[in-house]
Amino acid sequence: MKLLRPIAIALVLVGVFFYFTTYRSGTLRTLEVNPPASKIEITEAASDAALDSEEQNNISVYHKNIGSVVNITSKTIALDFFYGLVPQEGQGSGFIIDREGHVLTNYHVIDQARQVEVTLHSRKKYRATIVGTDRSHDLAVLQIKAPDLSPMVMGDSRNLQVGQKVYAIGNPFGLSGTLTSGIVSSIRSVQEPDGMTIDEAIQTDAAINPGNSGGPLLNSHGEVVGINTMIASNSGQSAGIGFAIPINTAKAVLNDLLTLGRVRRPALGVLTLPISPDIADELGLASDYGLLIIRVTPGGAAERAGLRGGSDRAYLGNTPIMVGGDLIISVDGQDVQDQQQLSRIMNAHRAGDTVKVTVYRGKRRMEVTVVLGETREQV
């Protein structure tokens, strides 16, 4: 009994201590394992921040033209070794050029297509008819029957300057309505994969990828100055070097494409030899540059105009040539030093056009009027 009394007193004392130090103080009721984080203050941008002038122009160019850019889907049939004839589908871009539904694009976008479908920005789809093609310029014109079309404004590519701002709108990788921007980084002649040459092609660093082909290249006013056609890349994707066909090249052949379905390729009808100062000195020519006419095509434009080919046999190294013909030094006042320059001049004309050809016949300088032919003979 004496032993129980101290134990009871000890228990009472422990209970009183627990009551006043823990329970009554509310420690058990207010203990929080995860106390609330303090409030974080962030800095928010002012609503409706003003756009700078460049951003405003980018947006303006996009909204002005996006309704005129289309997605083109072409369906072809390919021969597979295991499965035989297999349908294949390709995609590209294009743009509306008039209210009659004509669409300008690249030839390679619809090459060998059995069926072509055009999708507008509104997502409406239309079966397209191929109106005309120009393989050498990589151009094609389609037509759709659709209401309320908005054509693009054709600009002038003649006076483009390196450093000028340009925009590309198209459907890269099938992603419709994509805008990229850059500058004109160069104007140069380039060779396409099929061997054709684009004279005065517009080189740009605006991102161009598969699916952009046939889409418009625009200036800062939203006018079409080129048609995006290819990229220079090891990976098949944009590496900052894209090329566009000058819109003036397309405008020069549009009438033929719309009315004839093909281009009346102009032909001078001559076989020529480029002249260097060494060759001119050896042959005793009156000019140290130009194209010496070796032969004129029988019945061709040059022969009809009275231009003459060579009549005397000579050797250039071990190669026999005919000399004594007229030496072309300019066409319409533009100096001609090689076949590429002559070809560039011819591409600015159509069959039936009249040009002034300046030649030396011996030591006598002459100007001959030539009506260009329509045959596919070499110029």
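Values below: every heavy atom of this structure, side chains too, minus hydrogens, waters and symmetry copies.
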Check: Side chains of Leu285 and Tyr360: does their closest heavy-atom pair fall under 4.5 Å?
Finding: no
Check: So, the side chain of Asp353 versus the backbone of Arg350: is there a donor-acceptor pair under 3.5 Å, distance only?
Finding: yes
Item checked: Atom pair CD1 (Ile275) and CD (Glu282), whose distance is rounded to the nearest 0.5 Å -> 10.0 Å
Check: Can you find a heavy atom in the side chain of Met322 that is under 4.5 Å from one in the side chain of Arg295?
Finding: no
Note to self: Looking at every non-hydrogen atom in both residues, tell me the closest pair between Ile130 and Thr133 and how far apart they are.
What the structure shows: CG2-CG2, 3.8 Å
Checklist line | Side-chain (Ser74) to main-chain (Val109) donor-acceptor, under 3.5 angstrom | finding: yes
Next item on the list: Over all heavy atoms of both residues, which pair between Arg99 and Ser150 is shortest? Give the atoms and the distance, please.
Entry: NH1-CA, 4.5 Å
Checklist line | Single-linkage hydrophobic cluster Ile245~Leu218, side-chain heavy atoms < 4.5 angstrom | finding: yes
Check: Would you call Leu291 and Pro274 a side-chain contact if the rule is heavy atoms closer than 4.5 Å?
Finding: yes
Check: Looking only at atom types and distance, does a side-chain atom of Asn106 sit under 3.5 Å from a main-chain N or O of Asp138, one as donor and one as acceptor?
Finding: yes
Note to self: What's the separation between atom CD1 in Ile198 and atom NE2 in His137, rounded to the nearest 0.5 Å?
What the structure shows: 9.5 Å
Next item on the list: Looking only at non-hydrogen atoms, find the nearest pair between Val190 and Met230 and report the distance.
Entry: CG2-CE, 3.5 Å
Margin query: Between Asp134 and Tyr107, does the side chain to side chain donor-acceptor pair (under 3.5 Å) criterion hold? Intermediate values first, please.
Written below: CA-CA 7 Å; Asp134 180 11; Tyr107 172 81; over 6 Å; no
Check: Between Ser93 (side chain) and Asn171 (backbone), is there a donor-acceptor pair under 3.5 Å?
Finding: yes
Item checked: Derivation and outcome, side chain to side chain contact (heavy atoms under 4.5 Å, CB included), residues Arg344 and Met346 -> CA-CA 5 Å; Arg344 187 177 300 123; Met346 290 296 102; over 6 Å; no
Item checked: Trace of the side chain to side chain contact (heavy atoms under 4.5 Å, CB included) decision for Lys145 with Thr129 -> CA-CA 9 Å; Lys145 300 296 184 182; Thr129 302; over 6 Å; no
Check: Do you know the tightest heavy-atom contact between Ala301 and Val371?
Finding: CB-O, 3.2 Å
Next item on the list: For Asp199 and Thr249, run side chain to side chain contact (heavy atoms under 4.5 Å, CB included): C-alpha distance rounded to whole Å, both residues' side-chain angles, the deciding distance at 0.1 Å, then the answer.
Entry: CA-CA 9 Å; Asp199 291 323; Thr249 298; over 6 Å; no
Notebook entry, point to check: Around atom CZ of Arg304, are there more than 12 heavy atoms of other residues, nucleotides or ligands at under 6.0 Å?
Noted result: yes
Check: Would Met154 end up clustered with Val263 when hydrophobic side chains under 4.5 Å apart are linked, directly or stepwise?
Finding: yes
Margin query: Suppose the criterion is side-chain hydrogen bond (donor to acceptor under 3.5 Å, both in side chains): which pairs have a residue in residues 211-221, not counting sequence neighbours?
Written below: His108-Ser213, Asn219-Glu223
Notebook entry, point to check: Is there side-chain contact between Ser287 and Arg365, with heavy atoms separated by less than 4.5 Å?
Noted result: no
Check: Do you know the tightest heavy-atom contact between Gln341 and Gln337?
Finding: OE1-N, 2.6 Å
Margin query: Assess the residue pair Thr73 and Asn71 against the criterion (side chain to side chain donor-acceptor pair (under 3.5 Å)); give the C-alpha distance rounded to whole Å, side-chain angles, the decisive distance to 0.1 Å, and a yes or no.
Written below: CA-CA 7 Å; Thr73 303; Asn71 188 4; 4.7 Å; no
Checklist line | Ion pair Asp326/Arg308, N-O distance below 4.0 Å | finding: no
Next item on the list: State plainly whether one hydrophobic cluster holds both Ile66 and Val118, where clusters connect Ile, Leu, Val, Met, Phe, Trp and Tyr through side-chain heavy atoms under 4.5 angstrom apart.
Entry: no
Margin query: With a sphere of 6.0 Å drawn around CG of Asp52, does it hold more than 12 non-hydrogen atoms of other residues, nucleotides or ligands?
Written below: yes
Next item on the list: Could you go through the side chain to side chain donor-acceptor pair (under 3.5 Å) check for Thr119 and Lys124 one step at a time?
Entry: CA-CA 6 Å; Thr119 304; Lys124 292 183 179 179; over 6 Å; no
Check: Any donor and acceptor pair, going by atom type alone, linking the side chain of Arg114 with main-chain N or O of Lys75 inside 3.5 Å?
Finding: no
Next item on the list: Determine yes or no for a side-chain-to-main-chain donor-acceptor pair under 3.5 angstrom, with Tyr167 supplying the side chain and Ala206 the backbone.
Entry: no
Check: So, do Val359 and Val357 sit near enough that their side-chain heavy atoms are less than 4.5 Å apart?
Finding: yes
Checklist line | Whether Gln56 side chain and Leu51 backbone form a donor-acceptor pair below 3.5 Å | finding: yes
Next item on the list: Check whether any side-chain N or O of Ser157 sits under 3.5 Å from a backbone N or O of Pro246 as a donor-acceptor pair, and report yes or no.
Entry: no
Notebook entry, point to check: Do Leu149 and Leu142 share a hydrophobic cluster, counting only Ile, Leu, Val, Met, Phe, Trp and Tyr and linking them when any side-chain heavy atoms are less than 4.5 Å apart?
Noted result: yes
Next item on the list: Enter the distance from Ile183:CD1 to Leu160:CG here, rounded to the nearest 0.5 Å.
Entry: 12.5 Å
Margin query: Does any part of the side chain of Leu104, heavy atoms only, come nearer than 4.5 Å to the side chain of Val224, both counted from C-beta?
Written below: no
Margin query: Under a 4.0 Å threshold between the charged nitrogen and the carboxylate oxygen, would Lys251 count as salt-bridged to Asp156?
Written below: no
Item checked: Same apolar cluster: Phe243 and Ile247, side chain cutoff 4.5 Å -> yes
Checklist line | Any Gln161 side-chain heavy atom under 4.5 Å of Val184 side chain | finding: no
Next item on the list: Could you tell me whether the side chain of Glu374 and the main chain of Gly352 form a donor-acceptor pair under 3.5 Å?
Entry: no
Item checked: 4.5 Å side-chain heavy-atom contact, Val141 and Leu254 -> yes
Notebook entry, point to check: With distance as the sole test, does Asn255 use its side chain to make a donor-acceptor pair with the main-chain N or O of Leu258 at under 3.5 Å?
Noted result: no
